[in-house]
**Q** 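One structure coming up, written as structure tokens, with questions to follow.
Residue numbers run from 1 in the order of the sequence given.
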Amino acid sequence: MHPDLPADEADALDWLTFEQAGVVTTAQATRSLTEGTVRGRVRSGRWRAICRGVVLMGNGRLTRDQQLWVAVLAAGPGAVLAGPTAAAEAGVRRLRREPLHVLVPAHRRAGRTVLGRLPIDMPAVVVHRASVLPAAHLQLARPPRTTTGHWWTRPAGPAPSTRRRRRWRPAVSSDGSRRRSCRRRWTRCPGPVGGR
């Protein structure tokens, strides 16, 4: 039997703690305990307050799994790991481990005050927004994250906008013809992309 595995008679909070690497929101903790009990355990040093609304059910330094859970839980409901963080957790090698990338629904704003006041043993968190995230782009993992393919298919920067004026400069293609491209390496195509 694994030492961290809760006993058969364990309550819902013990299983949630096991599932989320010891990191829970105060709302999750108060489903099984009173608010006074949660505050008392934080004040006594048995638990550690990570940021507003997120506690570590222990008092040590954060492990990598706990850092990932803090990023997702602090960003709020609907948040998932994204980008290079999700790809690295899926097994892609040689990606930077920091900062942590989190994707939230576009209709809500992740708490800047919460994510701006993280403890010293927590890396920075970069929040991205998406208006649509199909279920096919979510990977069944704990903590929740986007698929690796979702990250690889996204462009490196924002698409050229017709609202903003960009500085265009001539560029010469391999066949010697001239075309115009903007400084962000996006290329204007004269016609539809693909075959005719």
Side-chain angles (χ1 to χ4, degrees), residues 2 4-6 12-29 31 48-58 60-161 184-186 193:
H2 194 275
D4 294 332
L5 189 65
L13 184 60
D14 289 336
W15 282 104
L16 185 65
T17 304
F18 173 72
E19 218 176 270
Q20 294 182 183
V23 179
V24 295
T25 63
T26 52
Q28 291 171 332
R31 289 184 198 144
R48 180 178 164 199
I50 302 297
C51 59
R52 183 181 178 141
V54 180
V55 295
L56 173 64
M57 298 180 85
R61 291 183 58 84
L62 294 172
T63 64
R64 175 71 176 173
D65 287 339
Q66 290 169 340
Q67 290 173 348
L68 298 174
W69 274 108
V70 168
V72 170
L73 294 175
V80 295
L81 295 177
T85 304
E89 293 305 308
V92 178
R93 293 184 184 181
R94 297 184 185 204
L95 293 175
R96 292 180 59 188
R97 293 175 58 94
E98 296 176 2
L100 302 178
H101 294 264
V102 177
L103 183 68
V104 297
H107 62 85
R108 15 174 257 82
R109 299 180 60 89
R112 290 185 183 179
T113 56
V114 172
L115 294 173
R117 295 182 179 152
L118 294 171
I120 193 99
D121 58 344
M122 179 70 191
V125 177
V126 178
V127 177
H128 304 276
R129 289 176 173 68
S131 54
V132 176
L133 183 63
H137 290 244
L138 290 175
Q139 191 173 18
L140 294 175
R142 300 298 286 173
R145 61 182 176 233
T146 59
T147 59
T148 306
H150 175 73
W151 177 62
W152 288 111
T153 57
R154 295 187 50 84
S161 171
R184 293 192 183 187
R185 296 183 186 176
W186 286 90
V193 178

**Q** Tell me the closest heavy-atom pair linking P119 and L62, and the distance in Å.
**A**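 Looks like CG-CD1, 4.5 Å.
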**Q** Quick check against the 3.5 Å criterion: does Q20 have a side-chain atom that pairs as donor or acceptor with the backbone of T17?
**A**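 No; zero donor-acceptor contacts below 3.5 Å.
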**Q** Given side chains that start at C-beta, do those of M122 and C51 come closer than 4.5 Å, heavy atoms only?
**A**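 Heavy-atom side-chain distance check fails, nothing below 4.5 Å.
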**Q** So L16 and V24, do their side chains get closer than 4.5 Å, heavy atoms only?
**A**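 Counting from C-beta outward, V24 and L16 do come under 4.5 Å.
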**Q** Quick check against the 3.5 Å criterion: does T85 have a side-chain atom that pairs as donor or acceptor with the backbone of H101?
**A**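 Such a contact is found between T85 side chain and H101 backbone.
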**Q** Determine, stepwise, if the pair V102 / V126 fulfils side-chain contact (heavy atoms from CB on, under 4.5 Å).
**A** CA-CA 6 Å; V102 177; V126 178; over 6 Å; no
**Q** Would you say T26 and V54 make side-chain contact, with heavy atoms under 4.5 Å?
**A** no
**Q** Under the rule for side-chain contact (heavy atoms from CB on, under 4.5 Å), what residues qualify as partners of E98, not counting sequence neighbours?
**A**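 P123.
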**Q** Hey, are the side chains of I50 and V55 touching, using non-hydrogen atoms and a 4.5 Å cut-off?
**A** no
**Q** Heavy-atom distance under 4.5 Å between the side chains of M57 and R48, does that happen here?
**A** no
**Q** Using the salt bridge (charged side-chain N to carboxylate O under 4.0 Å, His left out) criterion, which residues pair with R142? Sequence neighbours excluded.
**A**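 With sequence neighbours excluded, R142 shows a salt bridge (charged side-chain N to carboxylate O under 4.0 Å, His left out) to E19, given in chain and number order.
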**Q** Say whether, by atom type as modelled, one donor and one acceptor occur between the side chain of R145 and the main chain of A87 under 3.5 angstrom.
**A**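 It does not hold such a pair.
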**Q** Cut-off 3.5 Å, no hydrogens considered: what does the side-chain donor-acceptor table look like for residues 65-81, sequence neighbours left out?
**A**
from	atom 1	to	atom 2	distance (Å)
Q66	OE1	T63	N	2.9
Q66	OE1	T63	OG1	3.4
Q66	NE2	A21	O	3.0
Q67	NE2	D121	O	2.8

**Q** List the steps, then state whether salt bridge (Lys or Arg N to Asp or Glu O under 4.0 Å) holds for R64 with E89.
**A** CA-CA 10 Å; R64 175 71 176 173; E89 293 305 308; 3.3 Å; yes
